[in-house]
Asks: 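Sharing a structure with you now.
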Amino acid sequence: MEANRSPLKIVIVGHVDHGKSTLVGRILHETKALPDGKVDYLKAVCERRGMPFEWAFVMDALQAERDQGITIDTAQIRFKTDLRPYVIIDAPGHKEFLKNMVSGAAAAEAAVLVVDAQEGVREQSRRHGYLLHLLGLTQVMVAINKMDLVGYDQDRYQQVAAEITDYLGSLGITPAFIVPVSGRQGDCIAAASAAMPWYQGPTLVEGLDRFTASQPPVGQPLRLPVQDVYKFDARRIVAGRIETGRLQVGDSLVFSPSGKSARVSGIESWPSRDVQSAEAGQSVGITLDEHIFVERGDVAHLASQPPHVVNRFRAHVFWLGRQPLLAGNQYKLKINTGSHQVRVETIERIVDVETLSNHQAAQVERNGVAEVILRSRTPIPLDAFADNQLTGRFVLVDGFDTAGGGVISRDGLAAARSAPRSTNITEVSHTASMQTRWQMNGHKGGVIWLTGLSGAGKSTIAMELERRLVRKGWQAFVLDGDNVRAGLCSDLGFAPDDRRENIRRVGEVAHLLTQAGLIAITAFISPYREDRENVRAMGPDVFHEVFVQAPLSTCEQRDPKGLYRKARAGEIPDFTGIHAPYEDPRAPELIIDTDTMSVDEAAEAIFGYVVECFQIKA
Amino acid sequence: MLGLCDAMNHLDALENESVYIFREAFNRLDKIAMLWSIGKDSNVMLWLARKAFFGHVPFPVLHVDTSYKIPEMIEFRDRMAKEWNLNLVVGQNRQALAAGMSPDQGRVNCCSALKTEGLKDLVAQGGYTGIFAGIRRDEEGTRAKERVFSPRNESAEWDFKDQPPEFWNQYKTDFAPGTHLRIHPLLAWTELDVWRYIQRENIPMVSLYYAKNGKRYRSLGCAPCTGSIDSQAANVAEIIAELESTNTSERAGRAQDKESEDAFERLRAQGYM
C-alpha cells in the first residue's frame, strides 16, 4: 500500500437498529484496526455494567451513547485493507439525527446501505437511499445484515435484495454489490462465510476495495470562487480554492457576476516558489495584471465557459430546520463562498421518499425533501448540479443555523434571464403590498398575454378589451408590438435573439405593471414557446396566455398592414408564418378563434374571462 | 511546467483543506486567535496558517501556561515566537495556582482549573469569536465526533448531542452574541499525517519528541501528567517508522483521560480543547 494514499471516505447508512455500528465495530476488528486493548477495555466496561459485549461500543465511544444504546453523531474511524486506507463515517439512523447523517454522507465517496434481513427495507432505508441520490453519491453497496437471525436463508436474502434494488433503481442508483452479512457473527465481512455457501459475490471488505476513489475534477470548466483578497504586503492576492478545472499564469479570467476580467500575473506560494499552474482541489492565491474590484463570492472562470448568473432557479432541497421551510420566507443561501438573501418563491412539490410520489404543500417539514423555486435579491453565479456538483449545490441558513441543503436543477436554467451585470444592485422591497393595491383598485392585477400570427387580430382585440375594462373602472393598459418597438425596443430587429430580448423586456414591463396593481394586456406575435414560458415564469400565478387563433391563409388574406405582401415579395426577412416559425401554445389559459368570431364576440369572450379571473371575490 | 503540486497526494489534499479552513475563519469571524500548546499539532497548525496567509500569522497566538509545562516547551515557545514574528499572548489562572491547584487535587480538577478556566479567561479578555485548536479526529472518541467549526455557548460548553449540520464545506459562521466558535483545521489529519508533513516541510519541533536514552514523548502536556514512552526513534523518519508499526493510542501517556470512563468526554463538554 502506498503510504501517501488518501483514505477512501465511506458512509454507512440505514434504518435505526439495522446494525450499522455493530457492522463497523466488526469491520474494525476484522481489519485489525483497533488499538491493542480496546476490545478488552470495552469488554471490561460491559462486564462491570453486567451487559453482553456489543461491537457497537467500539464506535459509540460517548458515555451518553453507551447509556442510551444509540449513535448520536457521526464519528469518523479509520481502517485499512491491503489495497488502501479507509475512513468510515458511521451515520446514525434515528430520524431526528438526519442532519448528522447528511453531515457524514455529504463528504463520502461511497456508501454502504445496511438493511436488516429480518425487517427488510424500512422508512429510513428509503430516506437515506433518497439522500444518497440527492447528494450525487453513485457508488453504493447494500449489506443485508443479521443473516444469522434468518438462518442464513438464501430466499430471504433474495427477497430483501429485490426490494431494495427496486427502490434504488427507481432513483437511478444501481447497487454495485448486495452482500449478505452478519455483523454480530462476522459472516462475510472480510472472509467468505461457511454458513452461506450459496453466496459467490465479494465480501463486504472486498466490495469496498472495488470502489474507485474520487479524483479532483481538473477536466471540468474552471471555477475559482473568491474567498478573500489579501494585502499583507505589496502584493494584492486573490485567494480561493479551485473547485474544478485548472488555471495557469497568463490566463484571462472573468469574474462573475461583475463580468470584470484580468489576466493571472502570478500564482503566489509560501515558502516562495516559481509556480506556473494550479488545479482543482488547491487553495491558491493569485495576483492579477489589472487592479479590478474583486470580492468574496465572485466566481472566476474562463470567458468561454461561464457559469449561469441568475436571480431565480429551481432546486431540490432537503430540510433539516427546526421550523418548517415556508413558501414566501427569506433565508440566507450559501453557495461556495457567496452569501445571498433568497426568498422561497414557490414550493413546487413535496417528494414522499417512501413512495416517490409528489404532493403540493405550502411548507416543507423537518427531514422533508421538496422541489422549490428560489429568488435572490442579488445575482448568483452557479451551475446545475448535473453539470458541476461543486458549484451546483448550496445550503440554506435560517437564523444562526444551517437548516437545509439543495442541489440546483438544470430545468429552466439555460433559458433563465441573465441577472443584472452590475453587482451594486440590491432590490428594495415595496412597503405597500400587492394585496393593498388590489383592494384599492377593486380588482387583481395580472398579465393577459395575447399571442398569435400577424393579422390574427391581437391588437384589435387588445384595444377593445382595454376600452371595456377602463369603462368598467378597472386599471388596464395595452402594451402593443409596434408601439414598444418605437421606444423601449427601438434597438432591436427581428432575428431570433432580438425577438427573444423584445419579449423579455415586454415581459418585465408587464410584470412591473402587475406589481403596480394593473392589468397588463400585451399584443405580440411572440412566436417562441420558450420565450412565453420565461415570461410566465416571472409570475406564474398572474400570467394568462391567450392564443388568438386564425389560419395563416385567413391572416394573409386580411393583411391589415400589408406585411404579408411585402414578406412574400422578399422585402421583409424573418417574417413569422412565411420564413420564421410560429410555435402554438401547448396549454393556453384561453383560445380565441377569430376565424369564426367577430371582433365584438372575441372581445366579449375575453372580457368575460378577465372579469371572472380578476374580480375580488367576497 | 511546474505546478503548485505535481499530483495531489494525500498530504497536499490535507494541506489545501486546512488552508481553506483558515481562510474561511479569517474572513468570516471578527476576532480570531490560535491556541498554541507548543506540541507538534499546533506547530503544524502555525505552519499551515503561514501557508494560508503567505508567511504571515495575522492573529494572536494564545498559550495557556499551567506553570507545570516542561521547561523545554517554554524555551521553544519563546524562541519560535521571536523567529516567526508571532503575536504571542500567554495566559495563566493565577488565582487557582495561588490557591494551590495542582494534579494532587485530582488530575481532572487540575485540567479544568488551569487549562479550561485559563483558556476561558483568555478568550473572554480578548473578546475572541473564533479560536483555532489543533485537535484531530483520530486522537480520541469524542474528538472523532467534532465539527470543523464547532460552536461553544456562553460558558464555553460543547453540546455534542445537538451539533449543527456541517457539509459541503459550508461551515457555521452565524452565531448568537456571547457564543464563540472553535475551529479545527487539523480535524481530518492523523498522527502519522502530522509527522509525514513535519518531515516533508521540515517544521521545527520541541526536542522532547525525539528519543534520548530509550525514552521519548509522543504527546506533550504538563510534566506531572504526561509520560514518556519507550522508544529508539531519535528523528522524524524514525518516529514515522515507529508509528507505522504501533497499535497503542497516542494519548495512552495522558493520565487525566483515565480517571474515569468518561473523564475526557466531561473535560471536553466543559470546554477543554
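Note on naming: letters A, B, ... go to the chains in the order of the sequence lines (proteins, then strands), and numbering restarts at 1 for each one.
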Asks: Go through the steps to decide whether A:V87 and B:R137 satisfy the test side-chain contact (heavy atoms from CB on, under 4.5 Å), and finish with yes or no.
Replies: CA-CA 11 Å; A:V87 174; B:R137 285 204 176 101; over 6 Å; no

Asks: Might you work through the side-chain contact (heavy atoms from CB on, under 4.5 Å) test for B:H56 and A:D233, ending with a clear yes or no?
Replies: CA-CA 10 Å; B:H56 304 267; A:D233 42 48; 3.4 Å; yes

Asks: Compare all side-chain heavy atoms of B:P165 with those of A:V102 and state whether any distance is below 4.5 angstrom.
Replies: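 No, side chains not in contact.
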
Asks: Between B:F175 and chain A, with a heavy-atom cut-off of 4.5 Å, which part of the residue counts as in contact: side chain, backbone, both or neither?
Replies: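 The backbone, not the side chain.
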
Asks: Mind listing the closest non-hydrogen atom pair of A:N336 and B:Q170 along with its distance?
Replies: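 Distance-wise, the nearest heavy atoms are O-NE2, 2.9 Å.
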
Asks: For the CZ atom of A:R241 and the CD1 atom of B:I21, what is their distance to the nearest 0.5 Å?
Replies: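 Here the rounded value is 8.5 Å.
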
Asks: Is A:S339 close to chain B through its backbone or its side chain, or both, or neither, when contacts mean heavy atoms under 4.5 Å?
Replies: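 Side chain of A:S339 only, per the 4.5 Å heavy-atom cut-off to chain B.
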
Asks: Using 30° and 60° as the class boundaries, would you call the ring planes of A:Y230 and B:F26 parallel, tilted or perpendicular?
Replies: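 Because their plane-to-plane angle lies in the 30° to 60° range, the rings of A:Y230 and B:F26 count as tilted.
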
Asks: So, using side-chain hydrogen bond (donor to acceptor under 3.5 Å, both in side chains) as the criterion, who are the partners of A:E47 when residues are at least two apart?
Replies: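 Here no residue qualifies.
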
Asks: To the nearest 0.5 Å, what is the distance between OG on A:S283 and CD on B:E17?
Replies: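 Reported value, rounded in 0.5 Å steps: 9.0 Å.
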
Asks: Going from CD on B:E166 to OG1 on A:T402, what distance comes out if it is rounded to the nearest 0.5 angstrom?
Replies: 8.5 Å

Asks: Could you tell me whether the side chain of B:H10 reaches within less than 4.5 Å of the side chain of A:P7, counting heavy atoms only?
Replies: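 Of all side-chain heavy-atom pairs linking B:H10 with A:P7, at least one is under 4.5 Å.
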
Asks: CH2 of B:W168 to CZ of A:F394: how many Å apart, nearest 0.5 Å?
Replies: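 CZ of A:F394 is found 7.5 Å from CH2 of B:W168.
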
Asks: So which residue, A:K332, A:R296, A:Q389, ends up with the most heavy-atom pairs under 4.5 Å with chain B?
Replies: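 Ranked by heavy-atom pairs under 4.5 Å with chain B, first place is A:R296.
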
Asks: Picking from B:P164, B:A52, B:A176, which has the most non-hydrogen pairs under 4.5 angstrom with chain A?
Replies: B:A176

Asks: How close do A:K334 and B:T173 get, heavy atom to heavy atom, and via which atoms?
Replies: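 The answer is NZ-OG1, 3.2 Å.
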
Asks: Could you give the distance from OG1 (A:T337) to CG (B:N169), rounded to the nearest 0.5 Å?
Replies: 11.5 Å

Asks: Can you tell which part of B:E15 gets under 4.5 Å to a heavy atom of chain A, answering side chain, backbone, both or neither?
Replies: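 When you check distances to chain A, no heavy atom of B:E15 falls under 4.5 Å.
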
Asks: Which heavy atom of B:P58 sits nearest to which heavy atom of A:F232, and what is that distance?
Replies: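 For B:P58 versus A:F232, the nearest heavy atoms are CB-CE2, 3.8 Å.
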
Asks: Please list, chain by chain and in numerical order, all residues satisfying side-chain hydrogen bond (donor to acceptor under 3.5 Å, both in side chains) with A:Y86, sequence neighbours excluded.
Replies: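 Once residues adjacent in sequence are excluded, the partners of A:Y86 under the side-chain hydrogen bond (donor to acceptor under 3.5 Å, both in side chains) criterion are A:R84, A:D209.
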
Asks: Measure distances from B:P151 to the heavy atoms of chain A and classify the residue's part below 4.5 Å as side chain, backbone, both or neither.
Replies: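 No part of B:P151 comes within 4.5 Å of chain A.
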
Asks: At a 4.5 Å cut-off on heavy atoms, which part of B:Y171 comes close to chain A: side chain, backbone, both, or neither?
Replies: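 Contact with chain A involves the backbone of B:Y171 alone.
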
Asks: In terms of ring plane angle, is the pair A:F318 and B:F167 parallel, tilted or perpendicular, where the classes change at 30° and 60°?
Replies: tilted

Asks: Taking all non-hydrogen atoms of both residues, which atom of B:N27 and which atom of A:Q227 are closest, and how far apart?
Replies: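 Heavy atoms only, the tightest pair is ND2-O, 3.3 Å.
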
Asks: Taking all non-hydrogen atoms of both residues, which atom of A:G240 and which atom of B:R23 are closest, and how far apart?
Replies: N-NH1, 3.9 Å

Asks: For A:R235, is it the side chain, the backbone, both or neither that has a heavy atom under 4.5 Å from a heavy atom of chain B?
Replies: side chain

Asks: Return the CG to CZ distance between A:D228 and B:F22, rounded to the nearest 0.5 Å.
Replies: 14.5 Å

Asks: Give, as side chain, backbone, both or neither, the part of A:L390 having an atom under 4.5 angstrom from any heavy atom of chain B.
Replies: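 Neither; nothing under 4.5 Å.
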
Asks: Should we say atom NZ of A:K9 is surrounded by more than 12 heavy atoms from elsewhere, each under 6.0 Å from it?
Replies: no

